[in-house]
Amino acid sequence: MKKIAFLLLSLVAAAPMEAQNVRVGGTLRGKYEYQTHEKEGRFEVRTARVNVSGDINPMVSYKAEIDLCDEGSIKMLDAYTKIKPWRTLDFTIGQMRVPFTIDAHRSPHQQYFANRSFIAKQVGNVRDVGASLGYTFGVGFPIIVQAGMFNGSGLTNQKDFWTHQVNFSAKAQFLLPFGLDVVLSAQKVKPDAATVMMYDAGLTYHRRGFIAEAEYLYKHYADGAFHPVHAFNGFVSYDIPLRKCLFTKVSPLVRYDYMSDHSDGKRYLDDKANTAGQLIINDYKRSRITAGATLSFDKPFVSEIRVNYEKYLYRHDPLPKVSERDKIVVEFMTHF
């Protein structure tokens, strides 16, 4: 993985001199978190993404992206080629975020809160290797349809991964008038022995500076391997423009998200991945209320300070993981 990071960084350095229509970008997120009950704090670099994208010709484009600090690890995220023979049709092959959900599909600089929702982090967070088709058409309003087939192996197990299973993902976005978007999606994966089906539905309403969103995800495990998982994410945000100030706007916002007991679909024995084991609860049932404000230096999602307070509600007190307890978060995000 270090070699991959070095090669991509070398490409970033050389690209402007060697090719035309090359875009170099990235996202940096540094934050401070303070747990109010434990009275402990920490600094963390949550994201250090670098990407190279460009157009070979009017029909062919590409993107390669790595994260140099994804919770302390280097990860290759995107590596794909996109072919667009017509304005309304595109074909993508490689490693990518699969077309599924609303919140999990957002890049870090497009997130509204410092920490991702349970849907985006645990329940519906899937990147994989495969191919997808996208088609846009209109029936009085735009409809965007995406569907693809994927290995189901995740990002790291590709070389010796062969399967007779078909893992798929499909998503439809209805961009209705008056600022209302409806998103429906479904996905089949097989992380281990049990097939997992997920269904997601969401609504987003945006008008001027006001945004409201609600999303529900249902996750079903075949043959009763684990009980179904229910997850919900809903938030509201309102932009208040500022004049003659360091910031261009301030956006108060509040979120409620929920997740029932969740399994990642893999078998464990003695707390270690093992095919001789069984599915376990990786994330316990909980809900969370997040409130705060986002201060924008520039255009939205370019350079922001996100200040959040997270209140976790668990079924039992001893269950919270170390990093999933009541806390104050101050995050600085820069996208270039």
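Side chains included, hydrogens not; waters and symmetry mates left out as well; all remaining heavy atoms used.
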Report whether Leu184 and Ile144 are members of the same hydrophobic cluster (ILVMFWY, side-chain heavy atoms less than 4.5 Å apart, transitive linking). no
What pairs of residues pass the salt bridge (Lys or Arg N to Asp or Glu O under 4.0 Å) test when at least one of them lies in [range], not counting sequence neighbours?
range: residues 278-290; value: Asp257-Arg288, Asp283-Lys321, Arg286-Glu324, Arg288-Glu310
range: residues 198-219; value: Arg106-Glu213
range: residues 243-254; value: Asp239-Lys249

More than 12 foreign heavy atoms under 6.0 Å from OH of Tyr218: is that the case here? yes
With sequence neighbours excluded, what pairs up with [X] under the ring pair (Phe, Tyr, Trp, His ring centres under 6.0 Å) test?
X: Phe210; value: none
X: Phe137; value: Tyr135
X: His262; value: none
X: Phe297; value: Phe247

Mind jotting down which residue pairs meet the side-chain hydrogen bond (donor to acceptor under 3.5 Å, both in side chains) criterion with at least one end in residues 222-233? Sequence neighbours excluded, please.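 Qualifying pairs: Tyr216-His230.
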Answer yes or no on whether Arg255 is positioned over the face of Phe113, meaning its NZ or CZ is under 6.0 Å from the six-membered ring centre and within 45° of the axis. yes
Set of residues satisfying side chain to side chain contact (heavy atoms under 4.5 Å, CB included) with respect to Pro142, sequence neighbours excluded: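 Pro142 satisfies side chain to side chain contact (heavy atoms under 4.5 Å, CB included) with Leu175 once adjacent residues are dropped.
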Contacts of His109 meeting side chain to side chain contact (heavy atoms under 4.5 Å, CB included) (sequence neighbours excluded), chain-then-number -> Thr27, Ser107, Phe301, Met333, His335
Under the salt bridge (charged side-chain N to carboxylate O under 4.0 Å, His left out) test, residues paired with Asp192 that sit two or more places apart: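 Result, salt bridge (charged side-chain N to carboxylate O under 4.0 Å, His left out) vs Asp192: Arg267.
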Could you check whether Lys31 and Asn115, counting side-chain N and O atoms only, form a donor-acceptor pair closer than 3.5 Å? yes
If you round to the nearest 0.5 Å, how far is NZ of Lys188 from CE of Met197?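 With rounding to 0.5 Å, CE (Met197) is 8.0 Å from NZ (Lys188).
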Check the pair Asp103 / Ser117 against side-chain hydrogen bond (donor to acceptor under 3.5 Å, both in side chains), numbers first and verdict last. CA-CA 7 Å; Asp103 204 41; Ser117 66; 2.6 Å; yes
Kindly indicate whether the side chain of [X], heavy atoms from C-beta on, has any atom under 4.5 Å from the side chain of [Y].
X: Arg23; Y: Asp55; result: yes
X: Val183; Y: Thr204; result: no
X: Val189; Y: Met198; result: yes
X: Phe168; Y: Gln187; result: no
X: Ile56; Y: Tyr62; result: yes
X: Glu331; Y: Arg29; result: yes
X: Asp128; Y: Met96; result: no

Residue pairs passing the ring-ring contact (aromatic ring centres under 6.0 Å, His included) test where at least one lies in residues 28-52, sequence neighbours excluded: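 Matches after skipping sequence neighbours: Tyr32-Phe43.
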